[in-house]
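Below you'll find the structure, written out as structure tokens, and then a few comments.
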Protein chains: 2
Amino acid sequence: MLSGATEDYLKTIFSLTRDSGRAGTKDIATKLGVSQASVTGYLQRLAGAELPLIDYRKREGAALTEEGRRKALRVIRNHRLLETFLHRMLGFSWDRVHDEACRLEHVISAEFEEKLDALLGYPTHDPHGDPIPGRDLDMPINSRIALAELEPGEEAVVDRVSDSDPELLSYLGKHAILPGTRLTVKAVSPFDRNMKLCVEKKRGTIVLGPLVTRQIFVERNA
Amino acid sequence: MLSGATEDYLKTIFSLTRDSGRAGTKDIATKLGVSQASVTGYLQRLAGAELPLIDYRKREGAALTEEGRRKALRVIRNHRLLETFLHRMLGFSWDRVHDEACRLEHVISAEFEEKLDALLGYPTHDPHGDPIPGRDLDMPINSRIALAELEPGEEAVVDRVSDSDPELLSYLGKHAILPGTRLTVKAVSPFDRNMKLCVEKKRGTIVLGPLVTRQIFVERNA
DNA sequence: CAATGTACTTAGGATAGACTAACTTCGCTG
DNA sequence: CAGCGAAGTTAGTCTATCCTAAGTACATTG
Ligand SMILES: [Mn+2]
Ligand SMILES: [Mn+2]
Ligand SMILES: [Mn+2]
Ligand SMILES: [Mn+2]
């Protein structure tokens, strides 16, 4: 069995290799909150195992092997199922589910995973709008269009929100900006890129800076 | 924060000190599945901490301090709430809940504990009939009367069943012997102490040996 | 009361995972 | 092209938790 530490490394490498093909030591260290030296050591060990979970090249960072990818997706599936459970059944607010799920994801059995999936009605997305890999571990692509990219006049529906910052989630939750929320871009100020938005249902407007609008991903038009 | 290992030591010492006042190295080692040497070392460390969780005396074993007792009860509460959840909401059979709960119990937050308690409707007993310590951590006494102690002709209701052996639980489950089941002792054979029982509802009889009847605890008469 | 067996402890060591301090690489810039 | 800084690596440690092998203590018993 994999340790919790290994599973968190795999998850992190998975998410960092979505964009760039490889995950760098520094970025992994930052995401996991450990030192760069620790990461170097850990990557070397993971790559040197019998059935390696990652492909590591000195000074070029790490990528997942096929086996590593499967393991990563399993953990991500657990994580998102758990987040969904915590939010929907236990009533955790969406900014409190991440840490709890990040601990639980390493200790639940396959039986737990299956039964939870069934209890929740086979959900396809977690509370932040991220897709939940299916039992076969394939995962739909989610939106890569940041709200920040839209022009004045465009309409969009929130697809997902970055779940890494609880403060941000809490803030957005208060303003009813969550997956499914319809938005209209009223104006974008030059230089600072502040965006004035009309939020449907809330029937109000809000101004968000680029640090925020880059963390919100949308489907255009819809 | 306490490690999972420490929490399992505390739980084990708690249960072993119910009968005898102190828990011996050997018994702890057996229950936890580690070597005696490991236990000695661990106890020494626990007892030598700033705020010690146990009182350890060379060659006399360990007992919990007041602080250790509180910590142990918290873990036991988590364990039993989780078992109840696994059984009632996820549909785990009662012989599969223990191991899962023993891993989960160390990673759930106080918030999770509270919300789970509420979701379950503040249950007082786990699927095996063991009492769940309340939020204030006091725990009702449970039955100490083993079915094996009853005489022919006596009637009783099952209060709880030892949850340590999944095989036993599975067997008893198949024969509808679980908390709440009413039993009548039809006969006890001499020498081997086999017990012929009438199981209510099942409307049938079953013969159980002493290895089994010593693991079932009952309320007389009821 | 000496022999013995069981419970217990000590000594020495392994492994996982993390840290700091001190290099090394290497692309970029002046 | 020399030098700088960021990213990465190495070396040396540390703690938690476990192990095996080799003793020690003590109650029991012949
Ligand atoms: Mn995690
Ligand atoms: Mn999420
Ligand atoms: Mn446990
Ligand atoms: Mn139980």
Side-chain angles (χ1 to χ4, degrees), chain A residues 1-13 15-17 19-63 68 71-72 75 102-103 105-107, chain B residues 1-13 15-17 19-63 68 71-72 75 102-103 105-107:
Chain A
M1 222 348 64
L2 302 182
S3 71
T6 296
E7 292 185 336
D8 281 339
Y9 272 93
L10 294 179
K11 243 185 16 171
T12 301
I13 295 166
S15 80
L16 288 173
T17 47
D19 322 292
S20 36
R22 311 204 127 242
T25 307
K26 172 85 175 318
D27 291 344
I28 298 171
T30 305
K31 268 229 187 195
L32 288 176
V34 299
S35 73
Q36 285 188 54
S38 300
V39 172
T40 299
Y42 212 104
L43 295 182
Q44 289 170 344
R45 195 151 55 73
L46 280 183
E50 345 63 54
L51 199 159
L53 298 169
I54 66 166
D55 165 43
Y56 166 69
R57 297 193 220 129
K58 223 182 238 191
R59 295 199 143 82
E60 290 179 53
K71 294 285 164 61
V75 183
C102 196
R103 275 175 281 117
E105 65 193 359
H106 311 294
V107 301
Chain B
M1 222 348 65
L2 302 182
S3 71
T6 296
E7 292 185 337
D8 281 339
Y9 271 94
L10 294 178
K11 244 187 11 174
T12 301
I13 294 166
S15 79
L16 288 173
T17 47
D19 323 292
S20 37
R22 309 204 129 243
T25 307
K26 171 87 175 317
D27 291 345
I28 298 172
T30 305
K31 267 228 187 195
L32 288 176
V34 299
S35 73
Q36 286 188 54
S38 300
V39 172
T40 299
Y42 211 105
L43 296 182
Q44 288 171 343
R45 196 153 54 73
L46 280 183
E50 345 64 53
L51 199 159
L53 299 169
I54 66 167
D55 165 43
Y56 166 70
R57 297 191 221 130
K58 223 182 237 192
R59 296 201 140 82
E60 290 179 53
K71 294 284 163 63
V75 184
C102 196
R103 276 176 280 117
E105 66 193 0
H106 312 293
V107 301

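In what follows, chains carry the letters A, B, and so on, assigned in the order in which the sequence lines appear, proteins first and then strands, with residues in each chain numbered from 1. All values below were derived from every heavy atom in this structure, side-chain atoms included, with hydrogens, water molecules and symmetry-related copies excluded.
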Using a heavy-atom cut-off of 4.0 Å across all strands, would you classify B:G61 as base, sugar-phosphate, or nothing? nothing
For the base of D:dT24, is there a side-chain donor-acceptor partner from B:R59 under 3.5 Å away? yes
How many angstroms lie between CG in B:D8 and NZ in B:K31, if you round to the nearest 0.5 Å? 11.0 Å
How many whole angstroms separate atom CG of B:L2 from atom C1' of D:dA16? 14 Å
To the nearest 0.5 Å, atom CZ of B:R57 lies from atom CZ of B:R59 at 15.0 Å
Let me know the distance between CD1 of B:I28 and P of C:dA7, rounded to the nearest Å. 13 Å
Would B:I54 and B:L10 count as a side chain to side chain contact (heavy atoms under 4.5 Å, CB included) if you check the C-alpha gap in whole Å, the side-chain angles of each, and the deciding distance to 0.1 Å? CA-CA 8 Å; B:I54 66 167; B:L10 294 178; 4.0 Å; yes
Which pairs of donor and acceptor atoms, one on a side chain in residues 41-53 of chain B, lie under 3.5 Å apart (sequence neighbours left out)?
residue	atom	partner	partner atom	Å
B:Y42	OH	B:T6	N	3.2
B:Y42	OH	B:T6	OG1	2.7

Contact under 4.0 Å: A:Y9 side-chain N or O vs C:dA16 OP1/OP2: no
Under 4.0 Å, heavy atom to any atom of DNA chain D: which of residues 35-48 of chain B qualify? B:S35, B:A37, B:S38, B:Y42, B:R45
OP1, OP2 of C:dA7 versus side-chain N and O of B:K58: anything below 4.0 Å? no
From CA spacing to verdict: side chain to side chain contact (heavy atoms under 4.5 Å, CB included), A:L2, A:Y9: CA-CA 11 Å; A:L2 302 182; A:Y9 272 93; over 6 Å; no
Nucleotide C:dG17, atom P - distance to CG of A:L32 in whole Å: 12 Å
Output yes when A:D55 and A:R22 qualify as a salt bridge under the 4.0 Å nitrogen-oxygen rule, no when they do not. yes
Side-chain donor or acceptor of B:S20 paired with backbone N/O of B:T17 under 3.5 Å: no
Which nucleotide in the list C:dA18, D:dC18, D:dG8 gets nearest to the side chain of A:K26? D:dG8
Rounded off to whole Å, could you give me the CZ-to-P distance for the B:R57 and C:dT9 pair? 13 Å
Check the distance between D:dA16's P and B:D8's CG and give it to me in whole angstrom. 17 Å
Write down the distance between CD (B:E60) and C1' (C:dC8), rounded to a whole number of angstrom. 12 Å
Nucleotide nearest A:Y56 (side chain, heavy atoms from C-beta), chosen from C:dG17, D:dG8, C:dC19: D:dG8
